[in-house]
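Computed from a predicted model, the values in this text were never measured in an experiment. Throughout, protein chains are lettered first and strands after them, A, B, ... in sequence-line order, and every chain is numbered starting at 1.
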Amino acid sequence: MPELPEVETTRLGLLPTVLGQRIASVTVRDRRLRWPIPRNLAKQLTGKTVIDIARRGKYLLWDCRLDDARGYLLSHLGMSGSLRVINADDENLLPQKHDHLDIGFDSGVTIRYTDPRRFGAMLWIAGPLPAHALIDALGPEPLSGEFGGAHLQAAAKGRSVSVKEFIMNSQVVVGVGNIYASESLFRAGIHPGRSAGKVSRPRFVRLADAIKYTLQKAIDAGGSSLRNYVQTNGELGYFQVNACVYDRAGLPCRVCQTLIRTFRQGQRSTYFCPHCQK
DNA sequence: CGAGAGTCCTGAAGGC
DNA sequence: TGCCTTCAGGACTCTC
C-alpha cells in the first residue's frame with residue numbers, strides 16, 4: 001500500500017516522462033473512486049502541458065497549463081492505487097479490470113492509473129493556486145525542517161489520543177501511515193498506546209527523528225510496500241522485508257528477542273515490542 | 001474542539 | 001471445490 005515513500009517514488013518516476021509534455025487524451029473507464037472523478041476532468045486536462053508534479057503528503061499535484069488557463073490534477077493512490085508509465089510499443093497495452101484512467105501524451109506515452117479498491121482520488125483544481133480543502137489543512141511535511149520534536153510537542157499539548165493515532169493524523173504531520181507509525185515508534189522506544197500529551201520533549205525529538213529516518217530510508221530504497229504496489233515502470237515495489245515490528249506479531253524482536261505483540265488502535269493494527277517500547 | 005466510530009472498496013485468507 | 005465471513009487499510013465524515 002502506498003505510503004509517502006511510494007508516493008514520492010511514483011512522483012520521481014513520472015517526472016522525466018511527463019514534464020513539458022502535452023496531454024493528448026484522457027480516458028476514464030470508471031469514475032467511482034474515493035470521490036467520483038469529475039466529469040470535466042478529461043476536458044480540463046486535454047491540451048494542457050504538465051509543468052510540474054509536486055507532492056503534498058500523499059497527494060500529487062500536477063501543475064497543468066495551456067496559455068493562461070491553469071489548474072492542477074490532484075491525485076491520491078489510496079491504499080491500492082498505482083500510476084505507471086506505458087510506452088506505445090509496450091506489450092499488454094490493453095486495459096485490465098482495475099485500470100480506471102489513462103492519460104495519453106503527444107509523445108505516445110500513457111500514464112495509467114490502476115486502483116482495485118478505489119480508495120484513491122483524481123480531482124481537478126481550477127485556477128493558478130493549488131488550493132483545495134483536502135490539502136489546505138494538512139500538517140507539515142515530515143522531512144522538512146518545519147517538522148521536529150518541538151512541533152510534535154506543541155501539537156500534542158492537552159491531547160489524550162494515543163501517540164500512534166496522533167502521528168497518523170494528517171493535520172499533525174502528513175505521510176505517516178500505519179506501517180511507518182509502528183516502525184517509527186519502535187525506533188523511538190515509545191509505547192504506541194501512550195497518550196500524546198504525556199510524551200516528554202526529548203522523546204518527541206527521538207520520535208520525530210525516527211519518523212524522518214524511517215521515511216527517508218524507505219525513499220532511498222525506492223519505496224516499500226506489502227503486496228500490490230506497482231512502481232511507475234511497472235515493476236513490483238520492494239517488499240517490506242526490513243520491518244522491525246509491523247506484521248511480526250509472535251515473532252522475536254530483532255533487538256531483544258521478546259515476542260512482538262499486536263493490538264487494535266482506532267480500527268488499525270498496531271505492532272510493538274513490549275520490552276523495547278515504554 | 002477532540003475523541004471515537006462509521007464509511008467507502010476489493011481481494012486475500014480462513015472456516016466449514 | 002466453493003461459498004460465506006472476516007480482515008486489511010487511507011483518510012475523510014459524521015456523531016456525541
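- Within 6.0 Å of atom NZ in A/K278, more than 12 heavy atoms from other residues, nucleotides or ligands are found, so the atom counts as buried in its surroundings.
- If you check B/dA5, B/dT10, B/dA3 against the side chain of A/P116, the one that comes closest is B/dT10.
- Atom pair A/R268:CZ and B/dT7:P shows a separation of 14 Å (rounding to whole Å applied).
- Between the P atom of C/dA11 and the CG atom of A/N169 lies a distance of 11 Å, rounded to the nearest Å.
- Bending across the helix from B/dG2-C/dC16 to B/dC16-C/dG2, expressed as the angle between its end axes from five pairs apiece, amounts to 50° (10° rounding).
- Within 6.0 Å of CZ on A/R261 lie no more than 12 heavy atoms contributed by other residues, nucleotides or ligands.
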Q: Check the pair A/L61, A/R55 against side chain to side chain contact (heavy atoms under 4.5 Å, CB included), reporting the backbone distance first and the verdict last.
A: CA-CA 6 Å; A/L61 286 156; A/R55 181 185 57 75; over 6 Å; no
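- A donor-acceptor distance shorter than 3.5 angstrom exists from the side chain of A/K212 to the backbone of A/F147, with no hydrogens or angles considered.
- The phosphate of B/dG11 (OP1 or OP2) has no side-chain N or O of A/S80 nearer than 4.0 angstrom.
- For A/H76, a side-chain nitrogen or oxygen approaches OP1 or OP2 of C/dA11 to under 4.0 Å.
- One atom, CZ of A/F166, and another, P of B/dG2, lie 10 Å apart when rounded to the nearest Å.
- Stacking between A/F119 and C/dA11 is absent: the ring centroid is not both under 5.5 Å from the six-membered base ring centre and under 30° in plane angle.
- Taking the six-membered ring where the residue is Trp, A/F166 and A/F204 present tilted rings, their angle falling between 30° and 60°.
- Contact annotation for A/Q267: base contact, defined as any heavy-atom pair under 4.0 Å involving a base atom.
- Between the CG atom of A/N178 and the P atom of C/dA11 there is a distance of 11 Å, rounded to whole Å.
- Formation of a donor-acceptor pair under 3.5 Å by the A/Q171 side chain with backbone atoms of A/G139 is not found in this model.
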Review item, nucleotides 12-16 of chain C N/O atoms under 3.5 Å of protein N/O:
residue, atom, partner, partner atom, Å
C/dC12, OP1, A/Y59, OH, 2.7
C/dC12, O4', A/R34, NH2, 2.9
C/dC12, O2, A/R34, NH2, 3.3

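- Whole-Å rounding puts the A/D115 CG to C/dA11 P distance at 12 Å.
- Regarding contacts with the backbone of B/dT10, every side-chain N or O of A/K97 stays at 4.0 angstrom or more from both OP1 and OP2.
- A sub-4.0 Å separation between OP1 or OP2 of B/dC8 and a side-chain N or O of A/R117 is absent.
- At whole-Å resolution of the value, CZ in A/R118 and C1' in B/dC9 are 6 Å apart.
- At the phosphate of B/dA3, OP1 or OP2 sits under 4.0 Å from a side-chain N or O atom of A/R159.
- Atom-to-atom, CZ of A/R264 to C1' of C/dA8 comes out at 8 Å; the value is rounded to the nearest Å.
- Relative orientation of the A/Y246 and A/Y271 rings is perpendicular, given thresholds of 30° and 60° on the angle between their planes.
- To the nearest angstrom, P of C/dG10 lies 12 Å from CG of A/L77.
- Side-chain atoms of A/D115 never come within 3.5 Å of backbone atoms of A/S82 as a donor-acceptor pair (strictly under, hydrogens ignored).
- Considering only side-chain N and O atoms, A/S160 lies nowhere under 4.0 angstrom from the phosphate OP1 or OP2 of B/dG2.
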